[in-house]
Structure formats: structure tokens, C-alpha cells
Engineer: 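Could you have a look at this structure, given as C-alpha cells, before my questions?
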2 protein chains.
Amino acid sequence: MTNNSDESCIVRHIKSYGEIDQKDEGLLLSLEDGPCEWSKNAILWNQGEESDCFYTLKKGWVCAFRDLEDGSRQVLDIYVPGDIVGLREFAFQKRITSVVVLREAELCAFPKSHLAEIFSRSRTLSSIFFMITARDQAVLLERLVNLGRRSAREKLAHFLAEISHRLQRTNAQVESHLSLPLSQGVLADALGLSAVHVSRTFREFRLEGLVSTDNAHVKLLDIKGLEAVAGFDDFYLESTAGLLTGPDRQTDRQTAC
Amino acid sequence: MTNNSDESCIVRHIKSYGEIDQKDEGLLLSLEDGPCEWSKNAILWNQGEESDCFYTLKKGWVCAFRDLEDGSRQVLDIYVPGDIVGLREFAFQKRITSVVVLREAELCAFPKSHLAEIFSRSRTLSSIFFMITARDQAVLLERLVNLGRRSAREKLAHFLAEISHRLQRTNAQVESHLSLPLSQGVLADALGLSAVHVSRTFREFRLEGLVSTDNAHVKLLDIKGLEAVAGFDDFYLESTAGLLTGPDRQTDRQTAC
DNA sequence: CCGCCCCTATAACCTGCGTTATCTCTTGTT
DNA sequence: AACAAGAGATAACGCAGGTTATAGGGGCGG
């Protein structure tokens, strides 16, 4: 392993959830592969393929989607630097989604079978991995609300606001926060809309000074404004740092029915 | 603890994912509370409340939802006997959803802080808990597809087909498989539709002999027919039994970029 | 047993968004 | 340089599903 902790993406990600000791850090490093480069439009994997590893996304953007029989497509997730890609496929032998690169990316592979190693060796890391998937679920829940109960304007604004928040978690420069490599087609497939209607909605947003668009990129000009349009509330992205501190808080057994 | 393994809901659920030994079974039993009864329309918890435990659902039905500012509601999940309720809130100090009882229920509480105990003591249980949340994510993904890219007919048929499949996992009698305590309002809120349109769609389904409805219950008369309408594919509910066997399958390190 | 509320059905009307069709402008390929 | 392929803008048209209104039925608390 040529990794050291400075450049390891997984270590940085894990640390955002809680303190880990030298031993755990070493364990992570020893199980991670070095970064690989992937060009735009490259397919990390397709639905149905053998599911043998997951990745940490060091640079670039990728997105998970599913193709339907009728030719349409549903985008399920957008991943930005610092995210873990494919962890949820742990429970399946074959991939249940496909993943494509949206912006030239650098990823570190992490063989799935090594997770068992981690579960057997580190209580802290087990908790953190569990917590990561739990928080991913929270994001999916919010996306369900978005698809089920919001108008096109709200959907688009909410989605952009969420991504903006997730980007701010990482230490990327402010500039890159603002320009998202998302085509109108990708957004349409993420939001259950048609590309035409995304275009219409962007026209409104542009007139209102909320965004500008350019060559399959969206620039966020007024994030507060977008949040207002969407009724955005970031409670579901709440920092979880500190949840693991205090090894065993009082257990308040609820024996009353 | 008055539980023994015969009546423990969590042990039965866990065992459907893989073999566990005596020690793990004892660990689970010692951390679980006895079952409590909850009447219809009772609220297990509301969004924003302290998040201190999760539950296993022994009998009855409950559903998780979120209320929106504009008065509408999104149903996020329907839980049937054997399911674990609230595991995903592990990563949050406050509940991010609300949960209400749809049919008179019996639940066992499982204090959240005890999960750490499990992670530190059992590699097998850690893997299984992780796998459970990963599979829950797969269900949420499929629901995203449902909300994003399917017509009202397909949404409704797919949702009913999924629940029917999940019911068949448990050992409840066939009769209860067929009658689901789901009002048209609940279904509308789950599918991002209006109650009126659910009613219209049910009329079609009734004429086609797919379902019958009665007093806030849906009876599934022709499950194959519903699956056909929905284009249902159960790959995302695939049994994961055996995924953990073979302690460390060959690790096929992908070092090639 | 009454009254209220929830659930359902159905009709009439309306609109947000899908569909289709051009046209233009990039960008990447040979 | 020529070309194909992808991305976007905009207009015209249509429909799936939302909204509102009305009315009937069953369950349940008082």
C-alpha cells in the first residue's frame, strides 16, 4: 500500500463521523487500493454485474442510476468528492444499480470482503460504517419526499440545494461549489421530470437570478434563494460527529408499554 | 428477560439473514425488551423527538411518514410483521420521520445504545445489521424508481406487489397476505398521488379482477396480474441467505486501473 | 343510539407537465 | 474540415392526474 493517511480518501471520510485511533486508521489503509482514474462517461459498473467492491470518490462526480424496460432512466444518486460509492450493494451478489462518471474522477477501490475484517476487528469502525449507511437512507427518504410531493420548481431547487450542502462538507474551494456538472437530462432523470420541463424551469430560475447554465453545467448564483423556493431544511444532513463519543450513554431501558 | 428464542422477533428476523450461534442469540435476547401492544392510530414517535430505540414488529402493521409544511404528507415506508422499525434513525439524535400504527401492533423495543454492544461483541451480528440497512436502501431505491418514472397504474400495482412479496417472507397464514390494512389515503401519500386518483385506479383494477377493496383494506386477488401491470421484478428483494457463509471468499483485489 | 369523522365513489373541471418537433450551438471524432 | 452526437431553447398540443364538490356508508366515542 502506498497510501498514507494524508491522501487516503476513506480515512478522511470516516474521520468526519468520529475520532478513530491509530490501529483503526492502519486497518483502513491496509484494506484500501490506491486511486484509479476514470474518464467522463466511463461506467464503473452495470446492473447485474458481480458486486465485489465499493469505492471512495476522491475527485470528480459520478452518478448511480437504473435503466427501465421502457427506455426511461431513473437517477438514484449523485456522488461528490468524499462520498462512498456502492456501499449499499453490500447485501447483494449482483449490482442493483449502474454507475457512470459525470466528471473526470479518481476513485479508490475497497474490496467488499474486507468489510467483514473490519466488523471483526473494530467496534468503532463498525459503528461508523453502519452510521454511514443510515445517513444515506436519510438522504433517500428526503428524495422520496421530493419526488412524491413537490412541484417541478421545488424539486429542482431542493435537489440543487441539497447538493450544494453536501459539497460544502468537503474542503473543495468555493468555486467548485458553484458549478455542478449536471446536464438537464441528468437532472430530469433524477427528479422524475422531462428534460424539456427542466429547461423551462431553468428559464424561470435564470430570470429570477437563481442560477446560470452553461454547457451541461449549472452555476448556483443564489443558494439562499433556491432554498427558499424549495422550503429546504438541512436537518437530514445534520452532522453526526459526537454521536459515538461517550462509549455507553445511560441506557434508559423503556420497559413501560 | 422473559424472552426465549421461540418468541423473540429479532432473533427470527436476524436468522433469515444467516446462521447465528448460541452466543449471538443470547446477546440479542439479553438486549431486547418484551413486546408491547400498540393500538391503531397510535404514534410510536414523531419527527423531532429524541431517538433512543428502535423496534421489531412482531404483529400488526405500522408506517413511517413525514408531514410537510403545506399540509401534505409523504408515506416513506410500510412495515409488516418481522420488519425492523427505525433502525435507520441510528445516525440521528432526533427522529427524522414519524411512525403510526396501521393495524393493532405488537412491538419489541431495542435500545439504540445496545447496538454498540453488538458491534463490539459479534462480527456476525455486525455484518447482519449492516446488511439489513443495505437491503432497506435497495427497497428505497426501487421506491424512487416507482415515484419518478411510473404511471399511477404502475405505481399502485408495483407497490402492492412489493408488499405482497415482503409478506410472503414471514410465516403468516396465506389469508393475511391478501388483505392489507391500507386506506386509499395512505396509498396516495405513499405513491405521490391524490386519494381521488387512487380511487379511480382501483376502479380499473377491480374491473380487471386484480383487487377488491373493503373498509380501508385492499384484497389482492391476482398477484401475478398486478406484477404484470407493474413490470415487477423482485431482484431487489433477493434472499441474502448465504452471503455470509464462507468466512472470507477469495478477495480478487482489483489493482488494475 | 346518536352524531361525528373517516373512508370511498364519482363527476366536472382544470393545469402542470409530458410529448413531439424544430433549430441552434457545442464538442469530440476521423 | 466535415461530421455525428449530445446539449439546450422554445413552441404547439395533449393528457394524466390534481382539485373541488357532493353524497353515501361504516365505525366508534359518548
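Only heavy atoms go into these numbers, but all of them, side chains included; no hydrogens, no water, no symmetry mates. Numbered from 1 within each chain, the chains take letters A, B, ... in sequence-line order.
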Engineer: Show every side-chain hydrogen bond (donor to acceptor under 3.5 Å, both in side chains) that has at least one partner inside residues 181-193 of chain A, sequence neighbours left out.
Structural biologist: A:Asp189-B:Arg149

Engineer: Tell me if a side-chain donor or acceptor on B:Trp61 pairs with a main-chain N or O of B:Leu180 at a distance below 3.5 Å.
Structural biologist: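 Side chain of B:Trp61 to backbone of B:Leu180, a donor-acceptor pair under 3.5 Å: no, none is there.
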
Engineer: Determine: side-chain N/O of A:Arg203 to OP1/OP2 of D:dA9, distance under 4.0 Å, yes or no.
Structural biologist: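 For D:dA9, neither OP1 nor OP2 has a side-chain N or O of A:Arg203 closer than 4.0 Å.
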
Engineer: Is the distance from OP1 or OP2 of D:dA9 to the nearest side-chain N or O of A:Ser199 less than 4.0 Å?
Structural biologist: yes

Engineer: If an axis is fit to five pairs at each end of the helix from C:dC1-D:dG30 to C:dT30-D:dA1, what is the angle between the two, to the nearest 10°?
Structural biologist: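 Inter-axis angle at the termini of the helix from C:dC1-D:dG30 to C:dT30-D:dA1: 50°.
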
Engineer: Sequence neighbours left out, what passes ring pair (Phe, Tyr, Trp, His ring centres under 6.0 Å) with B:His165? Give chain and number order.
Structural biologist: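 For B:His165, the residues satisfying ring pair (Phe, Tyr, Trp, His ring centres under 6.0 Å) (neighbours in sequence not counted) are B:Phe232.
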
Engineer: Using the salt bridge (charged side-chain N to carboxylate O under 4.0 Å, His left out) criterion, which residues pair with A:Glu104? Sequence neighbours excluded.
Structural biologist: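 A:Glu104 satisfies salt bridge (charged side-chain N to carboxylate O under 4.0 Å, His left out) with no other residue.
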
Engineer: What is the distance, rounded to the nearest whole Å, between atom CG of B:Leu156 and atom P of D:dA16?
Structural biologist: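 The distance from CG of B:Leu156 to P of D:dA16 comes to 17 Å, rounded to the nearest Å.
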
Engineer: For DNA chain C, note the earliest and the latest nucleotide, 5' to 3', having some atom under 4.0 Å of a heavy atom belonging to chain B.
Structural biologist: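 Reading along DNA chain C, I get C:dC7 to C:dA12.
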
Engineer: Below 3.5 Å is the cut-off: list the nitrogen or oxygen pairs between protein and nucleotides 26-28 of chain D, distance only.
Structural biologist:
none

Engineer: Holding to side-chain hydrogen bond (donor to acceptor under 3.5 Å, both in side chains), I want the full list of residues that pass it with B:Ser151, two or more places apart in sequence or in another chain.
Structural biologist: B:Glu154

Engineer: In chain order, what residues pass the side-chain contact (heavy atoms from CB on, under 4.5 Å) check against A:Ala157, with sequence neighbours excluded?
Structural biologist: A:Phe205, A:Leu226, A:Val229, A:Ala230

Engineer: Which residue pairs pass the salt bridge (charged side-chain N to carboxylate O under 4.0 Å, His left out) test with at least one member in residues 221-234 of chain B, sequence neighbours excluded?
Structural biologist: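 Passing the test, one end in residues 221-234 of chain B: B:Lys224-B:Glu227.
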
Engineer: Please round to the nearest 0.5 Å and tell me the distance separating atom CG of A:Leu167 and atom CD1 of A:Ile78.
Structural biologist: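 Those atoms lie 11.0 Å apart.
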
Engineer: Between P on D:dG6 and CZ on A:Arg73, what's the gap in Å once rounded to a whole number?
Structural biologist: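 Going from CZ in A:Arg73 over to P in D:dG6 covers 11 Å.
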
Engineer: Quick one: CZ on B:Arg88 to OG on B:Ser51, what's the gap to the nearest 0.5 Å?
Structural biologist: 11.5 Å

Engineer: What's the spacing between B:Leu191 CG and B:Gln74 CD if we round to 0.5 Å?
Structural biologist: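 B:Leu191 CG to B:Gln74 CD: 8.5 Å, rounded to 0.5 Å.
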
Engineer: Are A:Gln184 and D:dA9 close enough that a side-chain N or O sits under 4.0 Å from OP1 or OP2?
Structural biologist: yes

Engineer: N/O contacts under 3.5 Å, protein versus nucleotides 17-23 of chain D?
Structural biologist:
residue	atom	partner	partner atom	Å
D:dG17	OP1	B:Ala152	N	2.8
D:dG18	OP1	B:Gly192	O	3.4
D:dG18	OP1	B:Ser194	N	3.4
D:dG18	OP2	B:Ser194	N	3.1
D:dG18	OP2	B:Ser194	OG	2.9
D:dG18	N7	B:Arg200	NH2	2.7
D:dG18	O6	B:Arg200	NH1	3.2
D:dG18	O6	B:Arg200	NH2	3.3

Engineer: Taking salt bridge (charged side-chain N to carboxylate O under 4.0 Å, His left out) as the definition, give me every residue that meets it alongside A:Asp83, ordered by chain and number, with sequence neighbours left out.
Structural biologist: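 If we apply the salt bridge (charged side-chain N to carboxylate O under 4.0 Å, His left out) test to A:Asp83, skipping adjacent residues, the hits are A:Arg166, A:Arg169.
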
Engineer: Just checking, is any N or O donor in the side chain of B:Ser164 or B:Gln168 under 3.5 Å from an acceptor N or O on the other one?
Structural biologist: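 Note: B:Ser164 and B:Gln168 side chains meet the donor-acceptor criterion.
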
Engineer: Restricting to ring pair (Phe, Tyr, Trp, His ring centres under 6.0 Å), what partner residues turn up for A:His197, sequence neighbours left out?
Structural biologist: none

